[in-house]
Amino acid sequence: MPKASPWDLTALLNAADPKAGVAERHLWLIRLMEWLRHAPVEAEGQVTKTPVLRLRHLLGVLDRHPEHQARVAEVLRRFWLEVDNAALLADFGFAPRMDLWGEFGRRLRARVLPLTPATTDLGELFALLFPEKDDAVWLREIDDTTLARLRERVAPEHLDGSWRGPFLDAIVFLASAVRASAFSPAIRQRMSAELLVDRPFRQLARVAEQLGDHAQTASEETLLQEAQYLRALLATCRQCADSVHEHLEAHGVSVDVVFEVDQMRERTHRIDALLTCVISPEPAREIAHLMADLVQAADERRSIRALLAQHYSLLARKVAERSAETGEHYITRDLGAYRQMLRAAAGGGAVLAGTTFLKFALLAVPLSAFWGGFWAGTNYAASFVLVQLLHFTVATKQPAMTAPAMAEKLGDVAGDAAVEGFVDEVAHLIRSQAAGIFGNLAAVIPVVLLAQYACWAAFGAPLIDHKTAQHVLESLTLLGPTAFFAAFTGVLLFASSLIAGWVENWFVWHRIDSAITWNPRIVATLGASRARRWGAYWRANISGFAANISLGMLLGVVPVVAQFFGLPIEVRHVTLSTGQLAAAVGTEGLELLSHGPFWWCVAGIAATGALNLTVSFLMAFRVALRSRGIRLADRSRIYRAIRTRLRHQPLSFIWPGRSTA
């Protein structure tokens, strides 16, 4: 006997067995929904193209065949008696635990572990019945006539005499969940006190219960009045939730709090949707829209990427804003600031000259791979912190910090004046990077050479030997993987700026500066005035320390960890690489300048500087744009304006005028 096609509707309807077990009956419903989506059914001489046409065909078959209609009706009756409707209407789409990582773990398990139809949780079954996001489209396209016919087949009228019962129960459950969330310390303490004067969350749960109690006996007019009052309370509750975001903007961001607030807001919107179904004169249409919204929620619940993107957007914004505050200090806008940048960069180059020789000294010590990387990172971190304490600068640290500051200028580029203003900022930024590199290299080269020649004069030998100098020439050449390593270093520079923004946000969120200023034990130890100074100092400098220490450790440790996994990755920092090449010249002598390998190293250093700056800036700039939701519709105008400035005022990107541009 030939096997029946999975799209054979007659065989599918014959398989409807009201006496089968729960899993079998649910599996039959899943197969029926699959038939609606994909079956090539002949209807009135044409092959149906949409699930809506297939649904009409199915209803027609049931009307013409009472035996099929009876079996399907009994299966659906038992279905509505056994499933938990509230699991879909009140719980579906919301996290059972009020934290981001709990939801992350749930979504990860859902992607890895298969679902089973052997359940009475309608929320779990819903994900099996509607596994495709396109289901929302055809649910909204069902016409009123088909909806009326469908309601006769699937409406659970027998449950309590009214289809509104599960909807009203779900409203009560959701209102209770909103109240519980609002009363949690993390949310309650950050809401606006003015908005909480009328106690909207306490009223919300009480009014929801009253609506459920009166719905069966009250008149339609009374029901509409109570629903209107409940909606007013929901609007007030959403305003209270918005006030939490205002607090977070001022006092630091917690992704768990953001996640919980978003969950609370989404529950209020779900209550609104359920209310619409309850009071609508045409509930079938509203229920179809609700089902379509739940299908979209099901699709979103499967996406881990969407979860992280949604709930980290505010944190990214805050990190970018804090980096923007720091980045403003790295942008020069006039000749005086440009000269100051040159002096600060020269100081940074002098410090990194010492870092170069310490690096050579560490390489001469027989350390294991991890400890060699650890002490190399400690060397870098200590040098960067010293640069910060002396108020010097390192050029490659600038781009990741200045990119968020640049993104702020893109808030409004609709007019020509705004575009020109942004081009001015681009010129200021490129000029500042040029000053940073010029200052770093102008100091690191003579300081390294001076140290080498001093060692020649004092001891008759350079600080590094011939073998080390040859290794420098082999490693820094552009003919090798220098460009790739330089781009990778740009990624580490960007990562250090993110770490700095995150640490500062953590510092502000936990009010560490206030604790330093007012903690009784700290005040007793330091004294009141010194405690205030320490609090203000750490508030102003925590980002810099975090950036410098994290960058140093990343430069030292990440290559070692990568090599452990078989990835031969190294770092290429333009200032440190220049110092190493200068040290090689001090060992080999000036005659090295006449050899080709030296100039290939010079080309490698030029590429290193360009890639260090470009990669870190572009990555930070992209994050800053996304965190602000900016769409560059006028991108072509901006590019055209930059090209015009390059043609007519090319020197403005290298050297400033005497007044602010």
Exercise. Flag the pair F374 / W371 as yes when their ring centroid distance falls below 6.0 Å, and as no otherwise.
Key: yes
Quiz item: Is it true that atom CH2 of W509 has more than 12 heavy atoms of other residues, nucleotides or ligands lying nearer than 6.0 Å?
Solution: yes
Practice problem: Report yes if some heavy atom in the side chain of W538 is under 4.5 Å from a heavy atom in the side chain of D513; otherwise report no. | Solution: no
Quiz item: Any donor-acceptor pair under 3.5 Å linking the side chain of S616 with the backbone of L613?
Solution: yes
Quiz prompt | Minimal non-hydrogen separation, G373 against V560, with atom names | solution = CA-CG2, 3.5 Å
Self-check item: G544 backbone acceptor or donor facing N548 side chain under 3.5 Å
Solution: yes
Exercise. Go through F357 and Q452 one step at a time and tell me if the side-chain contact (heavy atoms from CB on, under 4.5 Å) criterion holds.
Key: CA-CA 10 Å; F357 288 114; Q452 285 280 68; 4.1 Å; yes
Quiz prompt | Worked check of side-chain contact (heavy atoms from CB on, under 4.5 Å) between L611 and R572 | solution = CA-CA 10 Å; L611 289 170; R572 291 290 184 270; over 6 Å; no
Exercise. Verify the distance criterion only: is there a donor paired with an acceptor across the side chains of T355 and S383 at less than 3.5 Å?
Key: yes
Quiz item: Above 12 or not: heavy atoms from other molecules or residues under 6.0 Å from CZ of F564?
Solution: no
Quiz item: For I464, does its backbone N or O pair with a side-chain atom of T468 as donor and acceptor, under 3.5 Å?
Solution: no
Quiz item: L352 pairs by side chain to side chain contact (heavy atoms under 4.5 Å, CB included) with which of V447, T578, L576?
Solution: L576
Practice problem: Would you give the length of the straight line joining atom CG of L526 to atom CG of N519, rounded to the nearest 0.5 angstrom? | Solution: 10.0 Å
Exercise. Report the C-alpha distance between L473 and H595 in whole Å, list the side-chain angles of each, state the deciding distance to 0.1 Å, and finish with yes or no for side-chain contact (heavy atoms from CB on, under 4.5 Å).
Key: CA-CA 11 Å; L473 294 174; H595 293 77; over 6 Å; no
Exercise. Mind checking the NE2-CG spacing from H471 to L476? Nearest 0.5 Å is all I need.
Key: 8.5 Å
Quiz item: Taking all atoms of both residues into account, what is the closest heavy-atom pair of A345 and G436, and its distance?
Solution: CB-O, 3.3 Å
Quiz item: Which of these passes side chain to side chain contact (heavy atoms under 4.5 Å, CB included) with R539: T517, V508, I516?
Solution: V508
Quiz item: Of all heavy-atom pairs between M341 and A435, which one has the smallest distance, and what is that distance?
Solution: CG-CB, 3.7 Å
Quiz prompt | Nearest non-hydrogen partners of F598 and L592, listed with the distance | solution = CB-O, 3.4 Å
Quiz item: Does any N or O in the side chain of E570 come within less than 3.5 Å of the main-chain N or O of P559, such that one atom is a donor and the other an acceptor?
Solution: no
Quiz item: Side chain of S243, backbone of S192: donor and acceptor closer than 3.5 Å?
Solution: yes
Self-check item: Taking every non-hydrogen atom, the tightest pair across V523 and A531
Solution: CG2-CB, 4.3 Å
Quiz item: Considering the options L555, V615, N612, which one meets the side chain to side chain contact (heavy atoms under 4.5 Å, CB included) requirement together with L492?
Solution: L555
Practice problem: Could you tell me whether the side chain of V351 reaches within less than 4.5 Å of the side chain of F392, counting heavy atoms only? | Solution: yes
Exercise. Give the minimum heavy-atom separation between E591 and E588, together with the two atoms involved.
Key: OE2-O, 2.7 Å
Quiz item: Do H245 and D262 come within less than 4.5 Å of each other through their side chains, counting heavy atoms only?
Solution: yes
Quiz item: If you draw a 6.0 Å radius around NE2 in H391, do more than 12 non-hydrogen atoms from other residues or ligands fall strictly inside?
Solution: no
Quiz item: How long is the gap from CD1 on I499 to OG on S543, to the nearest 0.5 Å?
Solution: 11.5 Å
Quiz item: Considering only heavy atoms from C-beta outward, does the side chain of Q563 approach that of P568 to under 4.5 Å?
Solution: no
Quiz prompt | E246 vs R190, salt bridge (Lys or Arg N to Asp or Glu O under 4.0 Å): CA-CA, chis, key distance, verdict | solution = CA-CA 9 Å; E246 295 172 3; R190 292 173 174 84; over 6 Å; no
Self-check item: Any donor-acceptor pair under 3.5 Å from S497 side chain to F494 backbone
Solution: yes
Quiz item: In terms of heavy-atom contacts, does CH2 of W534 have more than 12 from other residues, nucleotides or ligands at under 6.0 Å?
Solution: no
Quiz item: Hey, is the main chain of A583 close enough, under 3.5 Å, to the side chain of T587 for a donor-acceptor pair?
Solution: yes
Quiz item: Side chain of N440, backbone of T393: donor and acceptor closer than 3.5 Å?
Solution: yes
Quiz prompt | Verdict with reasoning, V558 to F488, per side-chain contact (heavy atoms from CB on, under 4.5 Å) | solution = CA-CA 11 Å; V558 169; F488 175 73; 3.5 Å; yes
Practice problem: Calculate, to the nearest 0.5 Å, the distance between atoms OH and NZ belonging to Y380 and K359 respectively. | Solution: 3.5 Å
Quiz prompt | Atom pair OH/CZ of Y338 and R431 - distance to nearest 0.5 Å | solution = 8.0 Å
Quiz item: Is a side-chain donor or acceptor of W456 paired with a backbone partner of G586 at a separation under 3.5 angstrom?
Solution: yes
Quiz item: Is the side chain of S550 donor-acceptor paired with the backbone N or O of A546 at a distance under 3.5 Å, no angle test?
Solution: yes
Quiz item: Does F360 CZ have over 12 foreign heavy atoms under 6.0 Å away?
Solution: yes
Quiz item: When rounded to the nearest 0.5 angstrom, what distance separates CZ in F485 from OG1 in T608?
Solution: 10.5 Å
